[in-house]
There are 2 protein chains.
Amino acid sequence: MNKLDRSLIVGLPAFEGLTAETLDVVLASARSQRIEKDTAVFEQDAEANSFFILLDGRVRVVKLTPDGQQVIVRYIVPGELLGIAQAIGRSTYPASAIAVTDCVVLAWPGKLWAEFATAHPGFGMNTYKTVGTRLQDVQTQVVEMATEQVERRVAHALLRLVQQSGRKTDEGLLIDFPISRQDIAEMTGTTLHTVSRLLSAWEEKGLVISGRQQVTVTQPHRLMLLAEGRVERD
Amino acid sequence: MNKLDRSLIVGLPAFEGLTAETLDVVLASARSQRIEKDTAVFEQDAEANSFFILLDGRVRVVKLTPDGQQVIVRYIVPGELLGIAQAIGRSTYPASAIAVTDCVVLAWPGKLWAEFATAHPGFGMNTYKTVGTRLQDVQTQVVEMATEQVERRVAHALLRLVQQSGRKTDEGLLIDFPISRQDIAEMTGTTLHTVSRLLSAWEEKGLVISGRQQVTVTQPHRLMLLAEGRVERD
DNA sequence: CCGCTTCATTGCGTTATCGCAAATACTGAA
DNA sequence: TTCAGTATTTGCGATAACGCAATGAAGCGG
């Protein structure tokens with residue numbers, strides 16, 4: 001078994017404020033794991049045997065409805081925790097997590113979570129802060145879904161993706177992982193058709209450039225105006 | 001200053017597992033407060049100077065959008081925490097809380113939250129569990145809003161209200177606080193008109209009885225079938 | 001390099017839901 | 001008891017968004 005290096009996790013929000021010794025202790029029980037693109041890190045309703053930190057790649061968190069529809073709850077970027085069912089008092093995962101690209105994660109046995117949290121209060125605090133942040137994010141999303149029409153919701157979603165995973169290119173800010181019209185639809189509660197029409201219209205207006213599983217926002221500012229609803233809805 | 005009695009909070013989930021002495025310590029810094037119907041317990045974006053437990057009455061938690069629309073995030077029933085901005089790492093309240101009926105709350109200075117949480121880990125855990133539960137609730141709501149059409153969303157909302165605040169009457173389960181069509185609309189992201197039409201249709205079918213600011217679910221089972229979408233949508 | 005699969009586009013008809021407006025019903029206070 | 005203020009109902013027209021279906025483009029595996 002190859003020893004994991006402390007530098008992997010130093011500086012991550014989840015471990016902020018912990019001593020070097022603590023990091024080593026924590027790392028000692030972690031195992032690193034490669035997750036191939038399009039495979040699951042964990043599955044909804046399965047026993048929450050592990051919790052994870054994403055070190056590299058992108059992960060999509062998805063909820064499946066009884067009738068087979070999907071909703072994308074959020075995207076995870078490197079440095080973020082995922083599968084922390086324990087921290088919210090669950091024994092099963094409330095959603096599935098799918099690797100959007102090839103990924104590397106650190107995994108810990110789920111039962112260690114409580115141990116860590118009590119032995120290293122800072123770690124507990126940090127995860128709770130994550131949970132709190134996500135609560136706010138999701139509540140914002142509810143407000144959007146309740147009050148905004150589709151065009152603005154999709155605009156907001158794109159802006160969030162760009163903020164989280166935007167890579168600067170010649171043309172603008174590229175969302176730097178593969179994302180389909182269907183994916184965007186599942187994030188915003190609409191259909192791939194509507195998303196496609198919107199992107200086409202926006203491309204026409206010069207706000208974005210989009211292709212197969214790829215979106216670049218060329219004029220974030222104008223897109224933001226549109227998202228905020230104070231504009232040009234022709 | 002009248003001393004608060006331990007019996008007020010014994011048995012509440014937030015204080016579960018704490019010793020009698022601890023309860024007394026905690027109570028020593030609490031002040032009890034009466035909140036008149038239709039007044040605010042706290043206001044969105046205000047400094048989070050206090051956190052609360054609702055002892056009696058009902059509170060509506062509302063988010064206001066920049067353009068003046070409202071969304072009802074949740075209803076609080078006695079025994080529940082509210083205004084726990086500290087626990088999610090915020091210094092301002094992310095929403096407003098309005099008394100739906102005359103209420104009694106216990107209030108603590110916000111800065112005490114962190115003290116309590118460290119001095120009495122059980123208390124911290126309990127609030128975090130609350131935050132976790134709410135995260136799941138809200139995520140469920142996002143999934144509903146993304147995948148279900150209005151009729152099912154409203155049905156789900158009513159069932160939740162009945163479950164949380166249903167009082168058995170001759171006719172069925174009465175939501176035991178005043179709730180308008182507008183309120184239900186703001187919970188489900190629709191309009192009071194649509195809610196009114198739905199309630200009328202359901203009354204026709206014998207599922208509910210509704211009046212001014214009042215709803216009784218007479219056939220919860222059939223309403224649930226409708227909410228789950230396996231039915232009679234004529 | 002070819003064929004297959006997946007993804008995206010777009011026209012067109014359908015429909016759920018909205019938004020307005022007018023009428024009606026209920027409640028609490030004077 | 002009456003009046004004023006709110007809440008509710010309901011008809012009707014408008015429309016945002018869906019859903020289908022057909023076509024076209026892009027990428028992947030052999």
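First the proteins, then the strands, lettered A, B, ... as listed; each starts at 1.
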Measure from [atom1] on [X] to [atom2] on [N] and round the result to the nearest Å.
{"X": "R181(A)", "N": "dA17(D)", "atom1": "CZ", "atom2": "C1'", "result": "18 Å"}
{"X": "M145(A)", "N": "dA17(D)", "atom1": "CE", "atom2": "P", "result": "13 Å"}
{"X": "E204(A)", "N": "dT9(C)", "atom1": "CD", "atom2": "C1'", "result": "13 Å"}
{"X": "L199(A)", "N": "dT10(C)", "atom1": "CG", "atom2": "C1'", "result": "14 Å"}
{"X": "I184(A)", "N": "dT9(C)", "atom1": "CD1", "atom2": "P", "result": "10 Å"}
{"X": "E203(A)", "N": "dT9(C)", "atom1": "CD", "atom2": "C1'", "result": "12 Å"}
{"X": "L192(A)", "N": "dT6(C)", "atom1": "CG", "atom2": "C1'", "result": "12 Å"}
{"X": "Q214(A)", "N": "dG27(D)", "atom1": "CD", "atom2": "P", "result": "9 Å"}

Give one of base, sugar-phosphate or nothing for [X], where a contact means two heavy atoms less than 4.0 Å apart.
{"X": "S200(B)", "answer": "sugar-phosphate"}
{"X": "T191(B)", "answer": "sugar-phosphate"}
{"X": "R212(A)", "answer": "base"}

Any idea which of [options] is nearest the [X] side chain?
{"X": "T190(B)", "options": "dT8(D), dC18(C), dT10(C)", "value": "dC18(C)"}
{"X": "R197(A)", "options": "dT10(D), dT17(C), dC20(D)", "value": "dC20(D)"}
{"X": "H193(B)", "options": "dA21(C), dA8(C), dG19(D)", "value": "dA21(C)"}

Side chains of [X] and [Y]: is there a donor and an acceptor less than 3.5 Å apart?
{"X": "R58(B)", "Y": "S165(B)", "result": "yes"}
{"X": "Q33(B)", "Y": "R31(B)", "result": "yes"}
{"X": "E203(A)", "Y": "S210(A)", "result": "yes"}
{"X": "T191(A)", "Y": "T194(A)", "result": "yes"}

* Using only side-chain N and O atoms of S196(A), determine if any of them is under 4.0 Å from OP1 or OP2 of dT9(C). => yes

* To do: Give a yes or no on whether D67(B) atom CG has more than 12 heavy-atom contacts from other residues, nucleotides or ligands under 6.0 Å away.
  => yes

